[in-house]
Structure formats: structure tokens, C-alpha cells
Amino acid sequence: MEHLIKHAFPADFLWGAATAAYQVEGAAAEDGKGVSVQDAKNFSNAFHDTTVTSDHYHRFREDIALMKSLGLKSYRFSIAWTRIYPDGVTLNPQGVAFYNQLIDELTKNGIEPLVTLYHFDHPQVLQAEFGGWYSEKMIDYFLRFSETCFREFGDRVRWFMTICESNNVVLYPDLIGGVPPGVDVEAWRFQVSRVMALGNARVISCCRRLLPETKIGPCIGYAIAYPATCAPQDVMAALNEDEFRTFYPLDLLCLGRQNPLVVNFFAQRGLDIRLPQAELDEIKAATPDFIAFNYYQSDVARACPAGETEAQPGFNPDGKKGGFVYPRFPGLYAGDSNPYLERSDWDWEIDPIGLRIACRKLFDRYQLPLMITENGLGARDSLVNGEVSDVYRIDYLQKHIAQMRLAIGDGVPLLGYYPWSFIDLMSTTNGYNKRYGFIYVDREDNDTKNLTRYRKASFYWYQNVIASNGETLD
Ligand code: BG6
């Protein structure tokens, strides 16, 4: 239903933009920084190189001046764990100093920091020693790092996010260091979910103790699932996908309960994933202040009977449409494409209405305020005479913001919006071939060139959106 009354964005709405440390900072081995699992990655695709990326580490003052001119109210960035604790244990004062300077510069310019504590980049040494998030040992390391961030930066940071997309990292284990040899992937997934949920809860409790006024919440990636047809089997498949990918982790993080459907599914296959009541109680006691979610696209699910061959989800490596690998989870669901939607060159389906649906589903279920902490279009941009005419990105963002406004009209409390990304950065799966930023960075995957910044057309457009508090979308 379209609304007769256009609902406005709240006056204190956080118009933002987002990045993550390993994708934007560069300076991977400078000023005492340790090696993270991202630095250590040996992807077969040559683009994955964290040494320079967009050189934000050295150019953050210039970048914050651009944020100011864009009119950003808030900037979401992550703190590189290995700058603060290079080996997980020894504090590196130079790392603390860098983020102090960054936060001071933001504050001086009236830009509210939103800090992601964990964005896929724990110390490699913890991965090598005990498999990273696969081990409970990780919780104390994460707590030590987070507590330091609260003590060092909490006087100026009023918004924290704990772990970025804990639900997606379990789907794509290589994102965070991979499954240790000999470990079953499903068992790994549930152990990592458990350890992350406990880490999330302990960090939230610590934040409450040290910074009672500060707001903190978890972050998930949400691709809502549509049934491939109205056949009840497909509707069930879509429900299964939502339950497994999104509601199992969020029920745990927000309600301290394990989704019984998921527990039973694995029990039938001989895997007991029930958590001790004491752990559930601990998680439940650390209710978040909000749910942050990243939304790029929706999914399609079709029935996948128990006898079908399993296939793990993949991604499109080269930006040639049609190269995306859809998952097949027998007994649950199989992914498929959506004939009603346009898609990006990397086969990410473009679905603005899906964002409104996602807002409604999440708020209905959890009754917590929501923050959209990533949303954007990855594309090949061309710099022509110092200009980038990214009209396709404007179209994407415009349509998504219009749906956010409708979601507010539906009664969903939305706190902020952080398009991905503030500036071009190294895409996790596709390097600089696929760009997201409002600002073009002059470099290619294999040539760092001069890294000069250029405002894209979308920059000027978003400037107007922010200045009008979302009233002007054209
Ligand atoms: C999100 C991640 O899931 O997707 C980001 O939090 C990532 O780190 C973004 O960059 C877009 O994905 P990609 O693979 O295009 O970089």
C-alpha cells in the first residue's frame, strides 16, 4: 500500500556512509600493525592485496574534508584489530593513536562516528594458533580488544557495532580464514555462530558497564528470500532460507534463543547444536540497542529435496552476467535467479522494495530500532575528464531511499542509513574492478597510480539528499 502521507525522516536521522579498515586503509604493515587474516589471504584472484587499497590511513584528513563537504552526519568505519593488538595480546600505542586522530578529526567536523569492532580481520596469529572463531578462546581476545576500544575511544564514540555480518561469514568461511582441515563445514558454522554470539554478548555487557549511555548492536547481512513460485514447497524453501540464514543467528543474538526448526534439522542429521541454558541466559541478558543490517539484494529459494546434490554458495568472479553460483542445500532450499528483477554485472539482484520488506520483517520479529549499515551498487565506473557519471548508482540509491521512507511510514523505527561505500575501496570479492563509492579513487587492481580522489555524480546527488533530510531524491 502506498501512503497518502509522505513520512519524513526523523530530524536526527544519521545520514552516513560506510567503509571497513582492510578495504580502505592500506598501510598494512605500518606503525606496528600486525598481520590480519585479510592480509594473509592468498586468494587465487590477484586483486586481493591489502597493502595500499585506497590509502585512507595516510589521507584520512583529506577524506574527512570530503565527508564534510558531502554533508555526512555520520561515518561508519571499522577498527583494524591488528593495529590495536598486532598479535592479539600486546597493545600497540601507534594503532590507538591513529584511531584517536581519526575520531578527533571526525568530531571536529561534526561527523558522528559509528564504529564496527569486527569487520572480518582478526589477527592471523589467532587463526594459526587455534582456528580463530572456531575456538572459544577467541572470546577473551575479542573482549580484550573491544574493551580497549571502549576505554580509548568511548568518550567520543556513541555508536558501536559488534561483529559485521556474523550470519554471512559462516556461509562463506574463506572470508574469515576458512574451515580448519578435517572439520565438517556445518559443525564449523554452528560453532562459529555460537562463539560469535557469546563474544557479541560479552562485548555488549562490557560496553554497558563502561559506557552506559552508548548504543551498541550486532550487524547481519539480510537478503530476504522469495519463493520461486507459489507452490507450497517453494514457499517452505523460502521460509527455510530466512530461518537458517537470518533468523537463527538473530534469534540467538537478540532473543537468546535457538530456533527449534534449525536445532531439529541438525538433530536429524546427528549434529546436536543445542547450547547450555547458561549460555543462552548470558546472551539473553545482553539485549542490543538496535539491529544493524546490510542490504544489497534479495534472494529466490526453490524446493531442494533431500536427495539433490549439495552445492555451496559461490560468487561471480569476473563481472560477466550469469556467472553467479547458486547454493543447493538438500532438504532446505536451493538458490535461483529472479526473472522480475534487474541485476548488477555481478548478478546481485536489484530490489528496492525488498528493502522495505526486510525492514518490516526484522521489526515485526524483534521490535528493535534498525540501522541500514550497508547498501549500494557495485559497478565498473569510468573516469572521463575528471568526472564519473554514475547515474546507475544514483538510480539504485534513490529507489532504496524511497522505500526506506515508506518503511518509516509503515512504523519501522529507522535510525540511520550508511550506503556502501563512502569512497572506492577494495571489494572483498572483486577488487577495484567493482566500485561502490561516492568518490572515485584513481587506481586499478594492479596499478596504484596516484590514488587521487574525484567526486562522482552520486556525490553531488547524495549531498542534496542529506541537505534536504531525504525530501529531495531527484
Ligand atoms: C558486505 C561486506 O557484505 O558486502 C563488505 O560487509 C563488502 O565488506 C560488501 O565489501 C560488498 O561485497 P563485495 O564482495 O562486492 O566487496
Side-chain angles (χ1 to χ4, degrees), residues 8-21 24-25 54 56-79 96-117 119 149-161 207 211-217 219 289-290 292 369-376 397 401 404-405 408 413-425 436-439 441 453-456 458-473:
F9 288 95
D12 57 354
F13 190 74
L14 295 166
W15 291 102
T19 65
V24 77
E25 285 180 1
S54 298
H56 178 65
Y57 187 79
H58 297 116
R59 299 174 193 232
F60 73 91
R61 287 186 207 282
E62 177 189 352
D63 291 344
I64 292 175
L66 285 162
M67 289 177 203
K68 172 92 175 162
S69 112
L70 178 57
L72 280 196
K73 306 278 186 224
S74 181
Y75 172 50
R76 175 190 165 211
F77 61 97
S78 74
I79 294 188
V96 175
F98 170 69
Y99 290 107
N100 269 325
Q101 287 172 37
L102 180 77
I103 292 165
D104 283 346
E105 191 71 12
L106 288 169
T107 312
K108 202 171 86 193
N109 284 285
I111 300 166
E112 183 88 55
L114 165 62
V115 167
T116 315
L117 290 166
H119 200 123
C149 292
F150 296 145
R151 289 191 189 280
E152 296 288 345
F153 314 125
D155 57 334
R156 287 148 295 156
V157 177
R158 299 187 305 163
W159 300 88
F160 280 97
M161 285 158 59
C207 182
L211 306 167
E213 302 299 315
T214 299
K215 304 287 181 212
I216 186 161
C219 169
D289 294 305
F290 60 89
L370 303 176
M371 213 183 245
I372 298 161
T373 44
E374 286 181 37
N375 172 239
L397 295 171
I401 295 174
M404 277 162 42
R405 194 158 54 192
I408 291 174
L414 277 186
L415 299 170
Y417 177 60
Y418 296 78
W420 186 263
S421 49
F422 165 63
I423 192 166
D424 284 348
L425 40 70
Y436 288 91
F438 292 112
I439 292 162
V441 176
R453 278 73 168 128
Y454 295 90
R455 294 166 167 93
K456 302 182 192 176
S458 58
F459 179 100
Y460 299 105
W461 168 82
Y462 194 43
Q463 204 173 37
N464 282 330
V465 172
I466 298 175
S468 67
N469 197 29
E471 284 301 307
T472 309
L473 294 184

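Since we're looking at a predicted model, the values are computed, not measured. Index from 1, following the sequence.
Here the straight-line distance linking atom CZ of F153 with atom OG1 of T214 works out to 13.5 Å at 0.5 Å rounding. Here the CG atom belonging to L414 is positioned 5.0 Å from the CD1 atom belonging to I372, to the nearest 0.5 angstrom. Note that CZ of R405 is 5.5 Å distant from CD of E471, once rounded to the nearest 0.5 Å. A distance of 11.5 Å separates OG of S421 from CG of N375, quoted to the nearest 0.5 Å. One finds the CG atom of L106 at 11.0 Å from the NZ atom of K68 (value rounded to the nearest 0.5 Å). With values rounded to the nearest 0.5 angstrom, N100 atom CG is found 4.5 Å from R156 atom CZ.
Under a 3.5 Å cut-off, the side chain of W461 and the backbone N or O of L473 do form a donor-acceptor pair. Looking at R76, its side chain never comes within 3.5 Å of a backbone N or O of Y418 through a donor-acceptor pair. A donor-acceptor pair under 3.5 Å is absent between the side-chain atoms of D289 and the main chain of G217, judged by distance alone. Counting only distance, with no hydrogens or angles, the side chain of S78 and the backbone of A21 share a donor-acceptor pair below 3.5 Å.
The shortest distance between side-chain heavy atoms of N109 and M67 does not fall below 4.5 Å. For the pair V441/R453, a side-chain contact is recorded, criterion being any heavy-atom separation below 4.5 Å from C-beta on. The shortest side-chain heavy-atom distance between L70 and R455 does not fall under the 4.5 Å cut-off. At a threshold of 4.5 Å between non-hydrogen side-chain atoms, the residues Y417 and V465 do not count as touching. Two residues are said to be in side-chain contact when any heavy atoms from C-beta on lie closer than 4.5 Å; L72 and F422 meet this criterion. Looking at heavy atoms from C-beta onward, L114 lies in side-chain contact with M371 at the 4.5 angstrom threshold. Proximity of W159 to L14: side-chain heavy atoms (C-beta onward) are separated by under 4.5 Å at one or more points. Side-chain contact between L397 and F438 is present, with heavy atoms from C-beta onward closer than 4.5 Å.
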Test side chain to side chain contact (heavy atoms under 4.5 Å, CB included) applied to M404 and F9, step by step | CA-CA 9 Å; M404 277 162 42; F9 288 95; 3.7 Å; yes

Give the intermediate values and the outcome of side chain to side chain contact (heavy atoms under 4.5 Å, CB included) for residues V157 and F150.
-> CA-CA 8 Å; V157 177; F150 296 145; over 6 Å; no

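Nearest heavy-atom pair, W420 versus A18, reported as atom, atom and distance to 0.1 Å: CE3-CB, 3.7 Å. The two residues P10 and N469 make their nearest non-hydrogen contact at O-ND2, 3.4 Å. Annotation for L425 and S54: closest pair CA-OG, 3.6 Å, computed over non-hydrogen atoms. When every heavy atom of P113 is checked against every heavy atom of S74, the shortest pair comes out as C-OG, 4.5 Å. Q463 approaches S69 most closely through the heavy-atom pair NE2-O, 2.6 Å. Of all the heavy atoms in F160 and C149, the pair that sits closest is CZ-O, 4.3 Å.
Take E112 and apply the salt bridge (charged side-chain N to carboxylate O under 4.0 Å, His left out) test, not counting sequence neighbours, and it matches R158. A search for salt bridge (charged side-chain N to carboxylate O under 4.0 Å, His left out) contacts involving D155 returns nothing, not counting sequence neighbours. With sequence neighbours left out, the salt bridge (charged side-chain N to carboxylate O under 4.0 Å, His left out) criterion links D424 to R435, K456.
The aromatic rings of F60 and F98 sit perpendicular to each other, their planes meeting at more than 60°, with 30° as the lower class boundary.
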